[in-house]
Amino acid sequence: MPPALLAVTLMVLQSELIGQVAARALEQLLEREIGEDVTIGRIVLDYLPFCAELQGLVLTHAETGETIVAVRMIRVEPGLDGFMPVLRRLTIDAPQVSLHVDGDGLREFRNVASGGGGGGTTPSELPWRELVIRDGSFRLETPDVTVQVGGIGVVPDEAGTNHVALGSVGVDAGTIHQVAEDVDLRRVALAPDRIAVPRLYMAFDALTLDGSAAAVAGGPLAGDLSAHLDLGRLTWTGEADQTYAEGVVDADVALGGTTDAPDIGGTFALADLVIWRTTDVPGLLPTRIGDVNGPWHLDLGPPLAVEVGPLDMTWGQGELGVVARILPAEGTIGGTVTAERVHLAHILQSVSVVTGPWVDFEGDVEVHVDGTLSPLRLEGPFEVDVGDLAVTNGPFDDPKVDLVLGVPAVTVQGKVSITLEELLFDARVATRQSQGHARASIGLGEHGPLAIDVDFPRLDLTQIRPLPHPLEQLQPLLKRAGGHLVVPLAPVFVGGSQ
């Protein structure tokens, strides 16, 4: 080709008109493939060195008009690998990606072309040899969690891997807001069918993650992560009337199985757990749980489920075991709690119903509950084998108080209802020779109250320890006993009827 003609040809290819024509053609091609609206500013060809630049790319939702992707510039630089032409470097400048997960799945890209039903395999290598990303951002919104990543940068690392830098990673879940800054990931392997991160370390305000992970599309999933969470350092963005927690969680996460059938689980240990809740009066009331540890497993479903247990914990001076299954999307939970040798007085103190309870017993408990997490409302059957039930005329741990009522053995079976405001028990009560019905309400406010309704068609007083004055005067009335006991965590009122 004569030099003059070549020069004219190159000038034409670099002209604004050709750039606009090429941009419109690429817009139409992309819209057919991804099913969203595409706008391209222009396409520019440079020859020293040879490269192509796409200047200004915007993808918007075809129905809502929301911006999905906005890119300042995409630069493609070809080259040679020996005698083979290759895409040497792909540079993406200031990409911004925003995705949404609704109740029925990803909002964007729902009309992506199927490729004519080809069903081809995923390539194992990217079409470029080097990837460079400058000043990127990513945002993912779900009904419960929002993740925002800023300052994304990618440059080539050693042995064909990538160095990934994240300026900030922000997570908002309900009222909780956590940020990790200056995340540095080296030797990251990226390909269309796989990703491998040999060292993943993120330090949020209250949460630290450390470990490694790797995944192959349709193939193995592997990883080991450790997490350390300081509940007392969680930051809140909601209203003042929240529930707060203190304690430290250390968890191990094991990734296994395949990407099609992942196996995700591990163990955790929770130390010194205290849950604080607001009340109608100024200040917070603590529920002291203590230490909890055991295994957990994530079932991806559908539906998504978190299984925990059997968990071991010491509470109320006894030993507890817990097994539970939580469905986060549905906001439901079901579980079983068993307890041995727990003491009622210490439980009442632990949940801040009263600082100095006037009643105590040692019991073995089994409870099965199902219900919702928000609002907390659990119901189910329970059984308690009570030993050495004792009621005193003052705080139980005061050595000067007198025994008012004592029963050596009682079995209680019935239904329990649990909310943040109240524990409600409706049960059959039996001693060796006595049977009756009781309904008890334990208020979880600052002053309780504790209210008990009892009805005993048959009451054998020989099973009751000697009743000191003045309650021994009630023995004639209790031959067929029914009554109501109200304890506002202060002086006691007893009522009864013949």
Smallest heavy-atom separation, L327 atom then A305 atom, equals CD2-CB, 3.4 Å
Hey, are [X] and [Y] close enough for a salt bridge, meaning a charged N less than 4.0 Å from a carboxylate O?
X	Y	result
R134	D93	yes
E108	R110	no
R89	E130	yes
D272	R288	no

Side chains of E422 and S441, donor plus acceptor under 3.5 Å: yes
I'd like to know if the side chain of D263 pairs up with that of H297 as donor and acceptor (distance under 3.5 Å, no hydrogens or angles considered). yes
Measuring from atom [atom1] of [X] to atom [atom2] of [Y], what distance do you get when rounded to the nearest 0.5 angstrom?
X	Y	atom1	atom2	answer
M202	D184	CE	CG	11.0 Å
F425	I418	CZ	CD1	7.0 Å
H61	E66	NE2	CD	7.0 Å
L255	S212	CG	OG	8.5 Å

Surrounding [atom1] of [X] (heavy atoms of other residues, nucleotides or ligands, distance under 6.0 Å), is the total greater than 12?
X	atom1	result
R377	CZ	no
E181	CD	no
Y201	OH	no

Side-chain contact test, heavy atoms from C-beta onward, threshold under 4.5 Å: evaluate it for V44 versus Q55 and give yes or no. yes
